[in-house]
Amino acid sequence: MSQQQSLFSFYSRG
Amino acid sequence: MLELRLVQGSLLKKVLDAIKDLVTDANFDCSESGFSLQAMDSSHVALVALLLRSDGFEHYRCDRNLSMGMNLTNMSKMLKCAGNDDIITIKADDGGDSVTFMFESPSQDKVSDFEMKLMDIDSEHLGIPETEYHAIVKMPSAEFARICRDLSTIGDTVVISVSKDGVKFSTSGDIGSANVVCRQNNSVDNKDNETVIEMNEPVSLTFALRYLNSFTKATTLSNTVTLSMSKELPVVVEYKIAEIGHIRFYLAPKIED
């Protein structure tokens, strides 16, 4: 199974 | 005071068609440089970034930076009332609570205006750094849409692998598996038919097809699409909007548990 990543794991909240 | 006149109004209709199913509400930001939007889908997996540069408008007046919260379903309903050949003008007053879309027929014999209420949207803006991608694939947008559609009938996810041999799209599901390989080709007659692969390092990433299929609603905006990929980073799926800007979709990858 693969798990969906969130964009927050890659980009900072700005 | 904001007044933006877009002669090719159909572009705005197409933009809304491309994003309204991914994002429900969004802030449109207007500044000297252009009309833009950044919004994530409700699960924070995909992001859309739109830019329509000010110099692409026939008339562009934006006295001060303005952020206008709009419900995209309602905006789309209003833009559907514009003819495909109509000129669209977006108007708003500073601090006002509504935006007006004015549609003019090419022969100027019919003018309509639709006023839409604005809304307060608490959206999270993401800082996306400039990135050197390991692999960039440019291919016909219709081909990419076809591959995503075809593979989603077999599986839920696609592995996109870029190597010196080409770009491979792979999926598997209950009924079987499928691989589509597109090799670099150079079309003498038509640059739009080319598949061009720039690769510094091989990359292989897994994505949910549901989102990629949603992005391909932007296919009507551009004959080509660009996929920018790096290891362990979201893919960027970009459609250029003729002479005026772009629409970029960012999609976070899936990882093995």
Side-chain angles (χ1 to χ4, degrees), chain A, chain B residues 22-23 27 29 36 38-49 122-131 133 155-160 170-174 204-212 214-215 228-237 248-257:
Chain A
M1 278 299 289
S2 54
Q3 190 193 335
Q4 178 63 61
Q5 301 271 90
S6 152
L7 287 170
F8 295 130
S9 317
F10 304 96
Y11 302 132
S12 61
R13 290 173 164 95
Chain B
L22 191 68
V23 176
N27 284 315
D29 298 312
S36 64
Q38 193 208 77
M40 276 185 283
D41 82 300
S42 58
S43 55
H44 303 141
V45 168
L47 177 144
V48 55
D122 214 6
S123 69
E124 277 192 280
H125 212 267
L126 291 189
I128 302 173
E130 286 288 319
T131 308
Y133 287 95
D156 297 330
T157 61
V158 60
V159 180
I160 306 179
S170 310
T171 192
S172 61
D174 294 340
S204 185
L205 291 167
T206 304
F207 299 103
L209 277 164
R210 177 164 77 86
Y211 290 100
L212 293 176
S214 175
F215 302 165
S228 301
M229 307 207 318
S230 276
K231 272 178 197 156
E232 295 166 13
L233 268 190
V235 62
V236 187
V237 180
R248 289 181 186 148
F249 298 98
Y250 295 75
L251 177 60
K254 299 186 90 170
I255 51 162
E256 292 304 315
D257 279 340

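Please read all numbers here as calculations on a predicted model, not as lab measurements. Throughout, a chain's letter reflects where its sequence line sits, starting with A, and its residues are numbered from 1.
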Please confirm whether the backbone N or O of B:L233 pairs with a side-chain atom of A:Q5, one donor and one acceptor, at under 3.5 Å? no
Using side-chain heavy atoms (C-beta onward) and a distance below 4.5 Å, is B:L126 in contact with A:F8?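 Touching, per the 4.5 Å side-chain cut-off.
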Please step through side-chain contact (heavy atoms from CB on, under 4.5 Å) for the pair B:Y250 and A:F10, ending with a clear verdict. CA-CA 11 Å; B:Y250 295 75; A:F10 304 96; over 6 Å; no
Heavy-atom pair with the smallest gap, counting every atom of A:Y11 and B:P129: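 Residues A:Y11 and B:P129, closest heavy atoms: CD2-CD, 3.8 Å.
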Nearest heavy atoms of A:L7 and B:A46, plus distance in Å: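 Distance-wise, the nearest heavy atoms are CD1-C, 3.5 Å.
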Distance from A:S6 atom OG to B:M40 atom CE, nearest 0.5 Å?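 It is 7.5 Å, given to the nearest 0.5 Å.
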